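Comments concern the structure below.
The shown structure was predicted, so the numbers you read here are calculated from the model rather than taken from an experiment. Positions are given from 1, in the same order as the sequence printed here.
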Amino acid sequence: MNSITKTILLCMTLSVFFALFQLLLKGENLRKNEKNRTGKIQSETFQTTLREEKESIPHFVSRFKAKSFELWQNSDKLKMEIKY
């Protein structure tokens with residue numbers, strides 16, 4: 001192979017690599033934007049159960065169990081999706 005053919009093949013390989021790299025970066029940006037949107041939607045409909053500073057641990061565990069059982073019972077009514 002002469003040098004012109006090698007140069008053309010090198011340029012083609014690099015252009016394909018950079019195109020795939022740009023698609024990868026664009027996909028990451030889209031994924032981050034979707035996480036931000038779904039995170040806002042989920043935070044509005046789903047509130048986390050946190051332990052208060054003065055609350056005893058056994059009381060918190062019983063409250064957490066009750067809340068999680070309630071969420072489990074109503075899971076068919078909730079429209080939450082887990083996206084990674």
Between the CD atom in Gln22 and the CZ atom in Phe17, the distance rounded to the nearest 0.5 Å is 11.0 Å

To the nearest 0.5 Å, atom CZ of Arg63 lies from atom OG of Ser56 at 10.0 Å

* So do Met12 and Val16 actually touch side chain to side chain, heavy atoms under 4.5 Å? -> no

Side chain to side chain contact (heavy atoms under 4.5 Å, CB included) filter on Ser15, not counting sequence neighbours, yields none

Around atom CG of Leu25, are there more than 12 heavy atoms from other residues, nucleotides or ligands closer than 6.0 Å? yes

For Thr5, the side chain to side chain contact (heavy atoms under 4.5 Å, CB included) test, sequence neighbours excluded, returns Met1, Asn2, Leu9

Just checking Leu10: does its CG atom have more than 12 heavy atoms from other residues, nucleotides or ligands closer to it than 6.0 angstrom?
yes

